[in-house]
Amino acid sequence: MCAPEGLEAAESGSDTLRLDKWLWFARFFKSRARAAALCEAGLLRRNHVVVRKAHQPVRPGDVLTFPQGAQIRVVRVLALAGRRGPAGAARLLYDDLAPPPAAAPPSEPAAPAVRAPGSGRPTKRERRAIDRLVEDS
């Protein structure tokens with residue numbers, strides 16, 4: 001399969017690429033080492049089969065399933081690249097198959113903290129409670 005416009009073909013001219021390289025080229029991970037670590041931990045599936053080696057070949061049409069942050073990514077490989085390009089070009093390498101995340105139900109806004117006027121500075125305990133309120137919002 002030809003590479004999308006603006007991307008070079010893979011260096012070797014073959015129709016496969018190492019899994020860790022492809023994940024890095026497609027900008028799912030900041031380094032190849034992180035992509036390889038995910039593979040070796042057994043957290044990645046290629047066409048429903050658990051992958052434990054980063055050197056597994058990836059071909060256009062393969063479906064990859066792996067965790068990224070708090071979500072599970074499911075992507076179909078559309079093309080291979082010869083280098084790590086800009087994010088816009090990397091987006092052309094895959095098709096995201098995961099459904100969009102469900103919108104969180106609107107939550108009630110937190111009630112403002114009430115302090116009696118003139119009561120001074122908040123205590124350490126009160127400051128921690130305020131910090132927890134701010135983090136949860």
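Worth knowing before you read on, the calculation uses all heavy atoms, side chains too, and leaves out hydrogens, waters and symmetry mates.
Side-chain atoms of Leu44 and Leu38, non-hydrogen and from C-beta on, do get closer than 4.5 Å to each other. Counting heavy atoms from C-beta outward, Arg59 and Arg46 have side chains that approach closer than 4.5 Å. No side-chain heavy atom of Pro60 sits under 4.5 Å from any side-chain heavy atom of Leu78. When side chains are defined from C-beta on, Thr65 counts as touching Ile72, because their heavy atoms get closer than 4.5 Å.
Using bins of under 30°, 30° to 60° and over 60° for the plane-to-plane angle, the ring pair Phe28/Trp22 lands in the tilted bin.
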Show which side-chain atoms of residues 29-36 pair as donor or acceptor with protein atoms under 3.5 Å away, not counting sequence neighbours.
unit_1	atom_1	unit_2	atom_2	d
Ser31	OG	Arg34	N	3.2
Arg32	NE	Asp20	OD2	3.4
Arg32	NH2	Asp20	OD2	3.4

Start with the C-alpha distance between Arg132 and Arg127, add both sets of side-chain angles, then the distance that settles side-chain contact (heavy atoms from CB on, under 4.5 Å), and finish with yes or no.
-> CA-CA 9 Å; Arg132 278 193 299 272; Arg127 282 196 317 264; over 6 Å; no
With side-chain contact (heavy atoms from CB on, under 4.5 Å) as the test, would you mind laying out the steps for Leu23 and Phe66 before giving the verdict?
-> CA-CA 11 Å; Leu23 289 168; Phe66 57 94; 4.0 Å; yes
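The minimum heavy-atom distance linking Pro57 with Thr16 is given by the pair CB-CB, 3.9 Å. Closest approach of Ala41 to Arg52, counting heavy atoms only: O-NH1, 3.8 Å. Closest approach of Phe25 and Leu17 over heavy atoms only: CD1-CD2, 3.7 Å. Considering every non-hydrogen atom in both Arg84 and Trp24, the closest pair reads NE-O, 2.8 Å. Taking both residues in full, the closest heavy atoms of Leu19 and Cys39 are given as CD2-SG, 3.6 Å, listed atom of the first, atom of the second, then distance.
Here His55 contributes atom NE2 and Glu40 contributes atom CD; the two are 10.0 Å apart, rounded to the nearest 0.5 Å. To the nearest 0.5 angstrom, Gln56 atom CD is 10.0 Å from Arg18 atom CZ.
Under the 3.5 Å distance criterion, the side-chain polar atoms of Glu126 are matched with a main-chain donor or acceptor of Thr123. Looking only at distances, no side-chain donor or acceptor of Arg73 sits under 3.5 Å from a matching main-chain atom of Asp96.
By the side-chain contact (heavy atoms from CB on, under 4.5 Å) test, Leu97 pairs with Val63, Val74, Arg76, Asp95, sequence neighbours left out.
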